[in-house]
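Report on the following structure.
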Amino acid sequence: QVQLVESGGGLVQPGGSLRLSCATSGITFSIYAVGWYRQTPGKQREMVAVLGRDRSTNYVDSVKGRFTISRDNAENTVYLQMNFLKPEDTAVYYCNVVLGTIVHWGQGTQVTVSS
């Protein structure tokens, strides 16, 4: 079965850092594009960062220069390094993988940025 499991979320003070991980199984990981999305109550889920099979990346403007998406094909894992965190980054963060019209989602991990 396809599984995506996020980890690394938690409570952090403004200006702090977190590294999210998304461990995948049940897929040929290397052929998928990968991405991170986030959602807060009352708002639509938004794209945070995507990384294509060709290693191209795209970030939402609000995180450019602060967040970095990466992947380790040997470990079938996606990462999101988040630095200089702000309260507005508070959300549930979801990992996904995409191959054409096929999309798989994880269950999400909570990130709370607060003093």
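Values below: all heavy atoms of this structure, side chains included; hydrogens, waters and symmetry mates excluded. For the single chain, residues carry numbers from 1 onward in sequence order.
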Task: Evaluation steps, side chain to side chain contact (heavy atoms under 4.5 Å, CB included), between Phe29 and Val78 - done: CA-CA 10 Å; Phe29 177 75; Val78 189; 3.7 Å; yes

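- Between Asn83 and Ser17, the closest heavy-atom pair is OD1-OG, 2.9 Å.
- When all heavy atoms are compared, the tightest approach of Ala49 to Leu80 is CB-CD1, 4.3 Å.
- From Thr77, atom OG1 reaches atom CG of Asp72 across 6.5 Å, with rounding to the nearest 0.5 Å.
- Closest of all the heavy-atom pairs between Leu4 and His104 is CD2-O, 3.7 Å.
- Residue Ala33 comes nearest to Gly52 through the heavy atom pair CB-CA, 4.1 Å, listed as atom of the first residue, atom of the second, then distance.
- Both Val60 and Val34 are assigned to one and the same hydrophobic cluster, defined by single-linkage of ILVMFWY side chains at heavy-atom distances under 4.5 Å.
- Remark: Glu88 engages Lys86 in a side chain to side chain contact (heavy atoms under 4.5 Å, CB included) (not counting sequence neighbours).
- Atom CG of Asn73 sits about 11.0 Å away from atom OG1 of Thr28, to the nearest 0.5 Å.
- Under the 4.5 Å side-chain contact rule for hydrophobic residues, Leu99 and Val97 share a cluster.
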Passes side chain to side chain contact (heavy atoms under 4.5 Å, CB included), Met82 versus Asp89? Steps please. CA-CA 9 Å; Met82 305 185 295; Asp89 296 318; over 6 Å; no

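- Val98 belongs to a hydrophobic cluster with Tyr37, Met47, Val50, Val92, Tyr94, Val103, Trp105, counting contacts under 4.5 Å between side-chain heavy atoms of Ile, Leu, Val, Met, Phe, Trp and Tyr, direct or through other members.
- Remark: side-chain polar atoms of Thr40 are not paired, donor with acceptor, to backbone N or O of Ala91 under 3.5 angstrom.
- Follow the hydrophobic side-chain contacts under 4.5 Å out from Trp36 and you never reach Phe84; the two are in separate clusters.
- Distance alone, capped at 3.5 Å, is enough to place a donor-acceptor pair between the Glu6 side chain and the Gly108 backbone.
- Put simply, the residue from Gln39, Gln110, Arg38 that forms a side chain to side chain donor-acceptor pair (under 3.5 Å) with Tyr93 is Arg38.
- Proximity of a side-chain donor or acceptor of Tyr59 to a complementary backbone N or O of Arg66 within less than 3.5 Å is not detected.
- The minimum heavy-atom distance between Leu51 and Ile69, with the atom names listed, is CD1-O, 3.6 Å.
- Considering CG of Leu20 and CZ of Phe67, their distance stands at 8.0 Å, rounded to 0.5 Å.
- For the pair Arg53 (side chain) and Ile31 (backbone), a donor-acceptor distance under 3.5 Å is present.
- Around atom CD of Gln107, no more than 12 heavy atoms belonging to other residues, nucleotides or ligands sit under 6.0 Å away.
- Heavy-atom minimum distance, Val48 versus Val63: O-CG2, 3.9 Å.
- Here the side chain of Ser21 pairs no donor or acceptor atom with the backbone of Ser7 at under 3.5 angstrom.
- The backbone N or O of Gly35 lies less than 3.5 Å from a partner atom in the side chain of Asn96, making a donor-acceptor pair.
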